[in-house]
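Reviewing the structure listed below.
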Number of protein chains: 2
Amino acid sequence: MTSSPSAPLGARARARTEVTAAIKDAARRQLAAEGAARLSLRAVARELGMVSSALYRYFPSRDDLLTALITDAYDSLGEAAETAHARVADAASLRRWTAVCEAVRHWALAHPHEYALIYGTPVPGYSAPDATVPAASRVGLLLLGVARDAHERGELTAPPLPPELAPEADRMAADLAPGLPPAAMPSLIAAWAQLFGLVGFELFGQFERVVEAREEFFRHAAVRLGRAAGLTGEDT
Amino acid sequence: MTSSPSAPLGARARARTEVTAAIKDAARRQLAAEGAARLSLRAVARELGMVSSALYRYFPSRDDLLTALITDAYDSLGEAAETAHARVADAASLRRWTAVCEAVRHWALAHPHEYALIYGTPVPGYSAPDATVPAASRVGLLLLGVARDAHERGELTAPPLPPELAPEADRMAADLAPGLPPAAMPSLIAAWAQLFGLVGFELFGQFERVVEAREEFFRHAAVRLGRAAGLTGEDT
DNA sequence: CACAAGAGAGAGCACTGCTCTTGCGAAGGG
DNA sequence: CCCTTCGCAAGAGCAGTGCTCTCTCTTGTG
């Protein structure tokens with residue numbers, strides 16, 4: 001224990017957090033330049049003028065460094081989506097929905113390797129060590145929030161639901177979005193996943209020779225995604 | 001050149017193709033067990049009782065081995081989808097659509113690492129060296145084929161299209177599916193990408209604590225995906 | 001049958017993640 | 001104010017990786 005929290009914090013601890021940040025920065029640079037597969041602890045150490053073994057004082061393993069980067073990436077994407085949403089907070093529901101979708105796409109195009117890190121192949125065997133869960137949920141929760149507002153304004157109509165999906169829909173609503181009609185949940189969750197299908201395909205080259213007018217294509221797809229999720233009204 | 005094609009083929013060439021196949025088999029086993037990141041040339045060689053340098057007679061680099069596995073994976077998925085489709089060749093369009101979707105999902109669940117290899121993060125920097133294109137297109141073309149049949153039966157209604165997307169839609173129809181109404185193309189392409197969003201999210205753990213009744217959820221989502229793509233009629 | 005071409009072995013280079021030991025210097029208690 | 005502890009970095013080293021080069025021997029083929 002060192003003194004009170006968020007106070008002086010001890011010169012030693014301060015240095016530690018600084019070095020930790022420097023390591024993450026260098027790692028993020030390498031990640032952006034070369035991708036997660038080529039991220040090397042030794043190269044990071046070299047860039048910082050330290051020796052590789054010294055890094056292990058800050059991150060017990062390469063995977064832990066990656067986990068830190070993953071959480072940061074989720075947060076960065078979540079924040080980008082949230083600020084984009086805030087910028088159109090007064091618009092109609094569908095407009096806000098597409099704003100979030102486009103923010104996700106733009107962030108992904110701007111940070112392809114970080115996007116790959118969080119929505120591509122899970123890197124080490126697999127992971128997602130629970131600590132990443134809140135950060136990972138931000139975009140999904142944001143979309144659900146848009147839907148909830150739409151519901152309150154009467155701009156959400158749940159599509160018909162097959163009876164065998166009713167209990168699952170009830171559970172989803174109870175767990176994830178109390179206040180939303182259960183029948184709307186499956187479509188919303190599906191739209192969330194489908195959004196990342198669109199983004200991932202564009203980013204990972206699947207649209208090569210298939211979709212040329214990417215911007216217009218995505219904008220249209222986002223609107224239709226919102227409609228499929230139950231949003232009504234104009235996309236002004 | 002050795003003799004006529006597909007004839008005796010020379011005992012030497014035969015041995016070569018056999019060893020090549022054995023290498024790919026061993027590599028595929030390792031891929032399925034450990035994932036692409038942990039696939040090691042030396043381990044493959046060990047399993048085959050050869051020395052690592054001998055492998056380079058057959059694959060000039062690790063990435064070339066991976067590329068071969070990628071093509072095989074695309075083909076395996078494509079074949080699975082095609083046989084599943086053939087099995088319901090007489091059913092209504094929407095039923096055939098969902099059959100393909102479910103085949104994709106089941107193949108992915110059965111071959112997670114191979115799915116990750118082709119639809120996850122591009123492994124080495126990036127690749128897709130054109131040789132993979134035909135294999136990679138099979139599922140997409142199959143879905144377009146379902147749509148074309150539906151169109152001929154009058155079971156496809158193109159959704160409204162914003163005017164700025166019209167030229168792109170024309171190009172898509174001309175390049176990918178002559179015989180389909182251009183206005184249907186963007187929705188079909190989007191549905192194709194969105195299908196893999198659903199599958200990828202389930203496979204990569206994004207549905208943890210979110211979707212529990214995966215089977216029912218996906219079946220419903222696939223139907224709605226087909227409807228969003230323009231398919232009408234029953235999903236018998 | 002002679003011989004070149006093909007295939008495998010082995011050593012070695014540069015690199016990786018990670019561990020363990022050693023020395024140093026600053027932080028903090030008596 | 002001294003002295004001890006503790007955090008930090010360095011270095012050597014281990015096991016593993018992809019890949020190259022050279023050498024040898026087998027084997028199919030003209």
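Every chain is numbered from 1 and lettered A, B, ... according to where its sequence line falls, protein lines coming before strand lines.
- As rounded to whole Å, 12 Å separates atom C1' of dC19(D) from atom CG of D64(B).
- Between Y119(A) and F204(B), the distance from one ring center to the other does not fall under 6.0 angstrom.
- Atom CZ of R38(A) is separated from atom P of dG18(D) by 13 Å (rounded to the nearest Å).
- A side-chain hydrogen bond (donor to acceptor under 3.5 Å, both in side chains) check over residues 200-213 of chain A, counting only residues at least two apart or in different chains, returns the pairs R105(A)-E202(A), Q206(A)-Y74(B).
- In this model, the phosphate group of dG8(C) is approached by a side-chain N or O of Y58(B) to a distance below 4.0 Å at OP1 or OP2.
- No side-chain donor from either of T67(A) and D64(A) sits under 3.5 Å from a side-chain acceptor of the other.
- With rounding to whole Å, D63(B) atom CG is found 13 Å from dT17(D) atom C1'.
- If you measure from atom CD of E18(A) to atom P of dC8(D), you get 13 Å, rounded to the nearest angstrom.
- The stretch residues 41-54 of chain A touches DNA chain C through L41(A), R42(A), R46(A), S52(A), S53(A), each having a heavy atom within less than 4.0 Å of the strand.
- Below the 3.5 angstrom threshold, one finds no donor paired with an acceptor across the side chain of R16(B) and the base of dA7(C).
- Spacing between atom CG of L55(A) and atom P of dG11(D) amounts to 14 Å, rounded to whole angstrom units.
- A salt bridge links R171(B) with E168(B): at least one charged nitrogen is closer than 4.0 Å to a carboxylate oxygen.
- Distance, Y56(B) OH to dA11(C) C1': 15 Å, rounded to whole Å.
- Distance, L65(B) CG to dG18(D) C1': 12 Å, rounded to whole Å.
- In this structure the side chain of V223(B) never reaches within 4.5 angstrom of the side chain of W97(B), judged on heavy atoms.
- In this structure, L39(B) places its CG atom 11 Å from P of dT17(D), rounding to the nearest Å.
- Closest approach to the R57(B) side chain among dG8(C), dG18(D), dG17(C) is made by dG8(C) (side chain taken as heavy atoms from C-beta onward).
- Screening residues 48-60 of chain B for side-chain hydrogen bond (donor to acceptor under 3.5 Å, both in side chains) gives no qualifying pairs among residues at least two apart or on separate chains.
- Partner of I118(A) under the side-chain contact (heavy atoms from CB on, under 4.5 Å) criterion, out of T132(A), T71(A), L77(A): L77(A) alone.
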